[in-house]
Visitor: 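This structure is in structure tokens; I'll ask about it shortly.
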Amino acid sequence: MPASQPEYVIAPPPQAALPIAGSAAVFPVRRVYCIGRNYAAHAIEMGHDPDREPPFFFQKTPDSLDTSGRFPYPVMSNDVHHEAELLVALGKGGRNIAQEDALDHVWGYALALDMTRRDLQGIAKKAGRPWEIGKSFEHAAPVAPLTPASTLGHPEAGELTLMVNGEPRQQGDLNQMIWKIPEMIAHLSQYYTLAAGDVILTGTPSGVGPVVPGDRLELTYEGLTPLVVQVT
């Protein structure tokens with residue numbers, strides 16, 4: 001007989017999922033990993049050494065992914081910054097994945113924003129505390145629909161551009177990433193058992209800055225669905 005379904009004492013939360021360009025299907029999300037300081041120019045603007053130190057990661061919660069096209073300005077902060085990123089979605093996982101096999105684990109790509117309560121992050125850094133209060137909150141990761149790698153291929157170069165109210169704010173080439181996508185996957189798999197549904201935000205180029213209600217953000221990369229977000 002099939003196993004009986006568990007009886008939940010409260011209604012289970014909905015499964016976090018991302019839309020797929022040109023499809024009615026969705027991509028279920030398990031975990032969200034974010035790499036820090038992965039562009040040298042951004043490391044410098046944040047006051048850090050851009051040398052190729054071992055990569056480090058933090059996490060956002062899957063339910064912070066937001067595909068609504070709106071970013072409600074968060075509470076308890078007066079300094080919220082945009083960080084333009086490429087998102088990598090894994091279709092399969094594993095441990096100790098070899099770099100040369102890493103791209104075989106990628107299902108697709110999308111554009112995303114790592115919205116950051118910079119003032120709260122700064123307070124946490126100064127106190128030697130984790131960053132979650134600055135990085136992981138409601139609507140903290142606006143995301144565009146995914147494009148399958150089978151359609152796009154695996155991007156290694158090309159300009160990532162963020163416009164704010166029609167003016168260029170962030171521009172960087174994917175080839176400027178300190179840690180490339182196969183290296184990120186291989187490194188993470190040494191510390192975590194990666195799985196289908198995991199996504200990785202791959203870092204942001206220089207030019208991060210504050211947003212205010214009324215701002216319109218548009219993130220583009222050739223071959224991917226643009227991400228357009230209104231700050232409310």
Side-chain angles (χ1 to χ4, degrees), residues 16 31-51 53 55-87 110-144 159-173 176-179 199-221 226-232:
R31 293 179 183 168
V32 181
Y33 298 97
C34 308
I35 191 169
R37 301 175 200 149
N38 200 31
Y39 287 75
H42 174 58
I44 291 169
E45 77 176 348
M46 298 302 292
H48 299 283
D49 189 331
D51 288 345
E53 61 183 359
F56 72 94
F57 294 82
F58 57 91
Q59 291 192 32
K60 289 180 181 277
T61 58
D63 63 358
S64 66
L65 298 171
D66 192 317
T67 61
S68 70
R70 293 175 59 254
F71 177 71
Y73 200 91
V75 299
M76 302 301 293
S77 178
N78 295 307
D79 189 22
V80 179
H81 285 204
H82 57 73
E83 297 191 8
E85 313 223 357
L86 176 72
L87 179 147
L111 295 174
L113 290 166
D114 171 17
M115 303 303 290
T116 303
R117 296 192 287 200
R118 190 72 74 202
D119 46 359
L120 301 186
Q121 183 193 33
I123 292 169
K125 284 182 177 181
K126 189 173 181 179
R129 296 171 181 167
W131 293 5
E132 274 79 3
I133 196 167
K135 287 289 191 177
S136 189
F137 53 93
E138 290 79 6
H139 315 287
V143 186
E159 191 169 271
L160 195 68
T161 301
L162 177 69
M163 308 287 284
V164 179
N165 302 325
E167 299 293 330
R169 185 74 67 84
Q170 285 188 266
Q171 289 179 302
D173 197 290
Q176 296 169 343
M177 290 194 295
I178 299 169
W179 294 91
V199 303
I200 303 170
L201 272 64
T202 57
T204 192
S206 61
V208 301
V211 299
V212 296
D215 282 348
R216 182 180 186 274
L217 285 62
E218 183 173 5
L219 178 58
T220 56
Y221 177 85
L227 173 61
V228 179
V229 176
Q230 187 74 38
V231 182
T232 60

Visitor: Do Lys125 and Gln121 touch side chain to side chain, with heavy atoms closer than 4.5 Å?
Guide: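 Yes, close enough: below the 4.5 Å cut-off.
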Visitor: At their closest point, which heavy atom of Gln176 faces which heavy atom of Gly172, and how far apart are they?
Guide: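 Smallest interatomic distance, heavy atoms only, reads OE1-CA, 3.5 Å.
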Visitor: CG of Asp215 to OG1 of Thr232: how many Å apart, nearest 0.5 Å?
Guide: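 Asp215 atom CG to Thr232 atom OG1 measures 11.0 Å (nearest 0.5 Å).
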Visitor: Measure the CG-OG1 distance between Leu227 and Thr220 for me, rounded to the nearest 0.5 Å.
Guide: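 Here the interatomic distance stands at 10.0 Å.
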Visitor: Can you measure from CG (Leu111) to CD (Glu85) and round to the nearest 0.5 angstrom?
Guide: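 Reported to 0.5 Å precision, the distance equals 11.0 Å.
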Visitor: Looking at every heavy atom in both Val208 and Glu83, which two are closest together, and how far apart are they?
Guide: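 Shortest heavy-atom contact: CG1-CG, 3.7 Å.
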Visitor: Would Leu219 and Leu160 count as a side chain to side chain contact (heavy atoms under 4.5 Å, CB included) here? Give the steps.
Guide: CA-CA 7 Å; Leu219 178 58; Leu160 195 68; 4.0 Å; yes
Visitor: Side-chain contact, heavy-atom cut-off 4.5 Å: Pro74 with Arg117?
Guide: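 Yes - at least one pair of side-chain heavy atoms lies under 4.5 Å apart.
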Visitor: Is the shortest side-chain heavy-atom distance between Lys60 and Asp114 below 4.5 Å?
Guide: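 Yes, close enough: below the 4.5 Å cut-off.
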Visitor: With Arg216, which residues qualify under salt bridge (charged side-chain N to carboxylate O under 4.0 Å, His left out), at least two apart?
Guide: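 Glu218.
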Visitor: Does Glu138 have any salt bridge (charged side-chain N to carboxylate O under 4.0 Å, His left out) partners at least two apart in sequence or in another chain, and if so, which?
Guide: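 Glu138: no salt bridge (charged side-chain N to carboxylate O under 4.0 Å, His left out) contacts found.
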Visitor: Given side chains that start at C-beta, do those of Leu162 and Leu217 come closer than 4.5 Å, heavy atoms only?
Guide: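 When only atoms from C-beta onward are counted, Leu217 and Leu162 do touch, with a gap below 4.5 Å.
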Visitor: Roughly how far apart are Tyr39 OH and Asp173 CG, rounded to 0.5 Å?
Guide: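 One finds 7.5 Å between OH of Tyr39 and CG of Asp173.
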Visitor: Is there a donor-acceptor pair closer than 3.5 Å between any side-chain N or O of Ser64 and the backbone N or O of Ala140?
Guide: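 Answer holds: no.
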Visitor: Compare every heavy atom of Ser77 with every heavy atom of Asp119, then report the nearest pair and how far apart it is.
Guide: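 Closest heavy-atom pair between Asp119 and Ser77: OD1-OG, 2.8 Å.
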Visitor: Taking atom CE of Met115 and atom NE2 of His81, what is their separation to the nearest 0.5 Å?
Guide: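 Result: 9.5 Å between the selected atoms.
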Visitor: In Å, rounded to the nearest 0.5 Å, how long is the span from CD1 of Ile200 to CG of Leu87?
Guide: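 One gets 8.5 Å once the value is rounded to the nearest 0.5 Å.
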Visitor: With a 3.5 Å distance limit and no angle check, can you tell me whether Thr204 reaches the backbone of Ala84 through a side-chain donor-acceptor pair?
Guide: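 Yes, Thr204 side chain to Ala84 backbone: donor-acceptor pair under 3.5 Å.
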Visitor: Give the intermediate values and the outcome of side chain to side chain contact (heavy atoms under 4.5 Å, CB included) for residues Lys135 and Thr116.
Guide: CA-CA 5 Å; Lys135 287 289 191 177; Thr116 303; 2.9 Å; yes
Visitor: Are side-chain heavy atoms of Tyr73 and Val80 found at a separation under 4.5 Å?
Guide: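 Heavy-atom side-chain distance check passes, below 4.5 Å.
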Visitor: Using every non-hydrogen atom in the two residues, find where Ala144 and Pro226 come nearest and quote the distance to one decimal.
Guide: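 Scanning both residues, the minimum pair turns out to be CB-O, 3.7 Å.
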Visitor: Test your reading of the model: is there a side-chain donor-acceptor pair from Asp79 to the backbone of Arg118, 3.5 Å cut-off?
Guide: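 Flag not set: sc Asp79 to bb Arg118 has no pair under 3.5 Å.
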Visitor: Name the orientation class of the two ring planes belonging to Trp131 and Phe56 (parallel below 30°, tilted from 30 to 60°, perpendicular beyond 60°).
Guide: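 The arrangement is perpendicular - the two ring planes meet at more than 60°.
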Visitor: If every non-hydrogen atom of Ala124 is compared with every non-hydrogen atom of Pro130, which pair is closest and at what distance?
Guide: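 Nearest heavy atoms, Ala124 then Pro130: CB-O, 3.3 Å.
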Visitor: What do the steps show when you test Trp179 against Phe57 for ring pair (Phe, Tyr, Trp, His ring centres under 6.0 Å), and what is the final call?
Guide: CA-CA 12 Å; Trp179 294 91; Phe57 294 82; 9.0 Å; no
Visitor: Taking all non-hydrogen atoms of both residues, which atom of Ser206 and which atom of Gln170 are closest, and how far apart?
Guide: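 Heavy-atom minimum between the residues: O-CG, 3.4 Å.
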